[in-house]
Amino acid sequence: MIRTQIYLTKKEKEAIERLSDERGTTQSNIIREAIDEYVAELTVEEKKKKIKAAAGMWKDKKDIPDIRELREGWSKRMKRLGLDDH
């Protein structure tokens, strides 16, 4: 771990002390947990933004094969190779 210092308001410090006592853990652990949750949420939000940005990006493309045709071709190959489940 890397040691660092932060400045807290009196209210923040009291809240962390209270949580620390209630959970029977250190104040440092409370702060690390809060940071981990915050970072995880940011990561989820970033992923959502990327997915939304990508939505519909191929809608006007004409050179993409129909997925139903591709699946049908895969199924035929699997049967021909004896790898189908049916």
Side-chain angles (χ1 to χ4, degrees):
M1 292 210 196
I2 300 170
R3 181 178 165 81
T4 190
Q5 288 183 293
I6 60 171
Y7 290 98
L8 301 173
T9 64
K10 183 176 181 182
K11 186 177 177 180
E12 292 166 338
K13 176 68 171 156
E14 290 170 351
I16 291 170
E17 287 173 347
R18 196 169 38 257
L19 283 172
S20 174
D21 290 341
E22 289 172 7
R23 295 184 185 178
T25 189
T26 65
Q27 293 177 38
S28 295
N29 196 50
I30 298 292
I31 294 168
R32 282 192 297 272
E33 287 176 3
I35 291 169
D36 288 344
E37 284 184 38
Y38 180 77
V39 170
E41 184 61 30
L42 284 179
T43 302
V44 168
E45 289 304 314
E46 288 172 5
K47 288 178 184 176
K48 286 180 185 177
K49 285 180 185 176
K50 288 178 183 177
I51 289 169
K52 287 180 181 179
M57 64 189 270
W58 291 352
K59 69 181 178 182
D60 296 326
K61 291 252 184 203
K62 305 295 182 214
D63 59 340
I64 298 173
D66 185 325
I67 191 66
R68 290 172 292 237
E69 291 176 19
L70 288 174
R71 286 184 180 155
E72 190 174 303
W74 296 332
S75 294
K76 288 178 183 177
R77 279 191 221 71
M78 295 293 282
K79 284 181 184 176
R80 191 171 59 242
L81 295 170
L83 300 172
D84 63 330
D85 293 338
H86 308 299

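When reading the values below, keep in mind they use all heavy atoms of this one structure, side chains included, and skip hydrogens, waters and symmetry mates.
Listed by first and then second residue, the side-chain hydrogen bond (donor to acceptor under 3.5 Å, both in side chains) pairs that reach into residues 15-24 are Arg23-Glu33, sequence neighbours excluded. For residues 39-48, the salt bridge (charged side-chain N to carboxylate O under 4.0 Å, His left out) pairs, not counting sequence neighbours, are Glu45-Lys48.
A search for salt bridge (charged side-chain N to carboxylate O under 4.0 Å, His left out) contacts involving Glu12 returns nothing, not counting sequence neighbours. In this structure, the salt bridge (charged side-chain N to carboxylate O under 4.0 Å, His left out) partners of Arg68, at least two apart in sequence or on a different chain, are Asp66. In this structure Leu81 satisfies the side chain to side chain contact (heavy atoms under 4.5 Å, CB included) test together with Leu83, sequence neighbours excluded. The side chain to side chain contact (heavy atoms under 4.5 Å, CB included) check on Ile67 picks up Leu70, Arg71, Trp74, with sequence neighbours excluded.
With side-chain heavy atoms closer than 4.5 Å counting as contact, directly or through intermediates, the hydrophobic cluster containing Leu8 also holds Ile6, Ile16, Leu19, Ile30, Ile31, Ile35, Val39.
The CD atom of Gln27 sits 10.0 Å away from the OG1 atom of Thr25 when rounded to the nearest 0.5 Å.
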